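Count residues from 1 along the sequence. This structure is a prediction, so every number in the text was calculated from the model and none was measured.
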Amino acid sequence: MSRSARHPARARRLGRAGRMLRGCSGALAGGLVMLAVLLLAGWLLTTRTGSAGPGTGMLLGHWLAAVVAVAAQVVADHRVDRTGTLAALGVLGVGAATLGTYWL
């Protein structure tokens, strides 16, 4: 049995819009991880020096968003069907919600 017969969704290919969507959502997921790492570094620095910095809630919120975004991006990268598209859109939603909640 051929690979495409065992996995019919893999036999299909993403179009240009699908590749762009997954590229943007992947970049955003990576950006959320980097932002969470930088906030952790800032939090560690400010707790040692006693100066003002990001609070624990902000730190936990960004890490939760990063974990959810990466998990959704893994699904988006492995699925070519509607589930993958919805997962990529979910990454964009998580990113927008996180940045809107904490940074606007």
Pair up each side-chain donor or acceptor in residues 45-53 with any protein partner under 3.5 Å, not counting sequence neighbours, and list the distances.
from, atom 1, to, atom 2, distance (Å)
Thr46, OG1, Gly42, O, 3.0
Thr46, OG1, Trp43, O, 3.2
Thr47, OG1, Trp43, O, 3.0
Thr47, OG1, Leu44, O, 3.0
Thr49, OG1, Leu45, O, 3.1
Thr49, OG1, Ser51, OG, 3.0

Work out which heavy atom in Val91 is nearest to a heavy atom in Ala72; give both atom names and the distance. CG2-CB, 3.5 Å
Should Trp103 and Trp63 be counted in the same cluster of Ile, Leu, Val, Met, Phe, Trp and Tyr side chains packed under 4.5 Å apart? yes
Contacts of Leu60 meeting side chain to side chain contact (heavy atoms under 4.5 Å, CB included) (sequence neighbours excluded), chain-then-number -> Thr56
Donor-acceptor contacts, no H, no angles, side chain residues 24-41, under 3.5 Å, sequence neighbours left out:
from, atom 1, to, atom 2, distance (Å)
Ser25, OG, Leu21, O, 3.2
Ser25, OG, Arg22, O, 3.1
Ser25, OG, Gln73, OE1, 2.6

Looking at Ala88 and Ala76, what are the two nearest heavy atoms and their distance? N-CB, 3.7 Å
Quick one: side chain to side chain contact (heavy atoms under 4.5 Å, CB included) partners of Thr83, sequence neighbours excluded? Val75, Arg79, Asp81
To the closest 0.5 Å, what do you measure between NE2 (His62) and CG (Leu99)? 6.5 Å
Side chain to side chain contact (heavy atoms under 4.5 Å, CB included) partners for Thr101, two or more places apart: none
Tell me, please, which residues at least two apart from Arg82 pass side chain to side chain contact (heavy atoms under 4.5 Å, CB included). Leu86
